[in-house]
Student: 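The structure that follows is given in the form of structure tokens.
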Protein chains: 2
Amino acid sequence: MGKLTTTSYVVLGMIAMRGPSTSYDLKRAVNHSVGYFWPFPHAQLYSEPKRLGELGLLDLEVESEGRRRQTYTITYEGRDALSAWLAEPTTEQLQVRDVAELKLFFGEFAQPEDVLNLAREQILQHQDRIEVYESMQARFSERDEVADRMVPLQLGLELEYAALKFWRKLEKERSSQ
Amino acid sequence: MGKLTTTSYVVLGMIAMRGPSTSYDLKRAVNHSVGYFWPFPHAQLYSEPKRLGELGLLDLEVESEGRRRQTYTITYEGRDALSAWLAEPTTEQLQVRDVAELKLFFGEFAQPEDVLNLAREQILQHQDRIEVYESMQARFSERDEVADRMVPLQLGLELEYAALKFWRKLEKERSSQ
DNA sequence: GATCCGATCGTCTGATTCATACGGTCTGGT
DNA sequence: ACCAGACCGTATGAATCAGACGATCGGATC
């Protein structure tokens with residue numbers, strides 16, 4: 001009932017980081033940062049802060065002019081909850097979900113050229129994503145001194161590199177046959 | 001209504017690979033292979049084959065002796081559906097979900113030693129997982145000639161290596177301060 | 001300043017997925 | 001015969017999901 005999910009902590013953390021924020025602010029901020037290793041639908045950025053408000057972890061001030069809109073601020077209790085969570089041992093495993101790998105796993109039932117196409121698609125996709133990560137890094141390092149925020153992006157990037165390298169190798173092997 | 005999800009194709013693929021299988025067979029097979037890059041709750045391995053049966057993609061034979069149990073076999077239609085899916089372009093992105101990265105992202109709100117502990121935890125977890133992957137690979141290469149099945153495990157392994165290397169580096173940096 | 005349009009913003013919905021508890025069933029040991 | 005512990009299947013309410021929809025805004029145009 002009053003239980004906090006990982007997504008709750010994303011909300012708390014983002015508001016702690018950014019200062020007072022609206023749901024839409026969060027939505028945009030999440031999109032090109034934390035959304036890359038903790039995806040969830042944006043609708044939760046409207047329902048979750050409301051819940052956290054009721055729990056006393058966020059304060060809210062309504063700007064009633066025009067579009068109804070709430071600005072959320074983190075409370076001391078909110079900060080406490082956040083740092084308590086950060087101090088807890090982390091039991092959850094890194095979780096990967098990738099239909100491309102899946103298709104490769106069942107590759108024996110595909111036409112060889114389908115597997116090859118798959119590899120080529122994946123190469124392009126990973127290249128794109130690497131670009132995104134790198135521009136994100138550039139943006140962060142320009143105007144941000146907090147290294148911790150950049151570091152997970154670094155891991156995301158390395159995972160992308162590993163995947164890219166992998167599919168490239170596969171493409172090479174398959175196309176030379 | 002009659003739409004197939006990615007999980008449907010996991011079921012189809014597994015039965016195509018293994019031959020006639022019960023839900024429990026699938027559960028065990030999925031656990032230490034495909035479950036690593038397409039996780040889902042095991043209950044779906046009971047409901048989903050039933051649905052696929054109704055769609056004509058699986059045949060089922062009931063062994064009524066003792067425990068009620070169904071053995072599923074893939075039909076020609078099932079194989080067609082599977083290879084059609086394999087031939088489709090893959091739009092879904094590689095998806096990573098990792099609360100450890102999340103905690104690091106919000107690391108500025110944690111005690112420095114909490115971040116260090118996090119890194120140490122992660123190192124152990126990734127080492128464990130690497131062991132699991134390697135023993136899986138060994139098992140596969142012993143008794144299996146189909147290289148495609150091994151290859152995604154290879155990617156999983158590389159992602160784990162990247163993560164391990166990353167956390168090790170972090171641990172080193174932080175512990176020397 | 002009236003109108004229009006595309007971008008911005010928030011809410012709602014039903015469907016799917018989820019974790020996990022629970023109840024049966026089997027095996028082997030005493 | 002009984003028990004204990006593994007094995008197997010189902011059921012349930014809660015959480016999550018995608019994405020359609022509606023409302024609101026800013027500013028371009030006349």
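Residue numbers begin at 1 in each chain, while the letters A, B, ... track the order of the sequences.
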Student: Once Watson-Crick and G-U wobble pairs under 3.5 Å are found, how is DNA chain C written in dot-bracket notation, 5' to 3', with | for any base paired to another strand?
Tutor: ||||||||||||||||||||||||||||||

Student: Roughly how many Å is it from NZ in A/Lys50 to C1' in C/dT11, rounded to a whole number?
Tutor: 8 Å

Student: Less than 4.0 angstrom between a side-chain N/O of B/Tyr46 and OP1 or OP2 of D/dG9, yes or no?
Tutor: yes

Student: Write down the distance between CG (A/Leu45) and C1' (D/dA15), rounded to a whole number of angstrom.
Tutor: 15 Å

Student: Do A/Pro20 and A/Tyr72 make a side-chain contact, defined as non-hydrogen atoms from C-beta onward lying under 4.5 Å apart?
Tutor: no

Student: Give the intermediate values and the outcome of side-chain hydrogen bond (donor to acceptor under 3.5 Å, both in side chains) for residues B/Trp38 and B/Thr6.
Tutor: CA-CA 9 Å; B/Trp38 193 263; B/Thr6 303; 5.4 Å; no

Student: Between B/Glu92 and A/Arg97, is there a side-chain heavy-atom distance shorter than 4.5 Å?
Tutor: no

Student: Would you say the ring centers of B/Tyr36 and B/Tyr133 fall short of 6.0 Å from each other?
Tutor: yes

Student: Is it true that, when you exclude B/Arg28 itself, more than 12 heavy atoms of the residues, nucleotides or ligands shown sit nearer than 6.0 Å to its CZ?
Tutor: no

Student: Please assess B/Glu48 against B/Arg51 for the test salt bridge (Lys or Arg N to Asp or Glu O under 4.0 Å), listing each intermediate value before the final yes or no.
Tutor: CA-CA 5 Å; B/Glu48 192 60 27; B/Arg51 211 172 68 92; 3.1 Å; yes

Student: Under a 3.5 Å threshold, yes or no: a donor from one side chain and an acceptor from the other, between A/Gln154 and A/Gln137?
Tutor: yes

Student: Does A/Thr6 or B/Ser23 map to a spot on DNA chain D nearer the 5' end, using the closest nucleotide for each?
Tutor: B/Ser23

Student: What N/O pairs connect the protein and nucleotides 18-20 of chain C at under 3.5 Å? Give each pair on its own line.
Tutor:
from, atom 1, to, atom 2, distance (Å)
C/dC18, OP1, A/Arg97, NH2, 3.2

Student: Just how far, in rounded Å, is P of C/dG10 from CD of A/Gln70?
Tutor: 10 Å

Student: What is the separation between atom NZ on A/Lys27 and atom C1' on C/dA7, rounded to the nearest whole Å?
Tutor: 11 Å

Student: I need the CD-C1' distance between A/Glu48 and C/dT11, as an integer number of Å.
Tutor: 16 Å

Student: Between A/Met17 and B/Glu108, is any pair of side-chain heavy atoms under 4.5 Å apart?
Tutor: yes

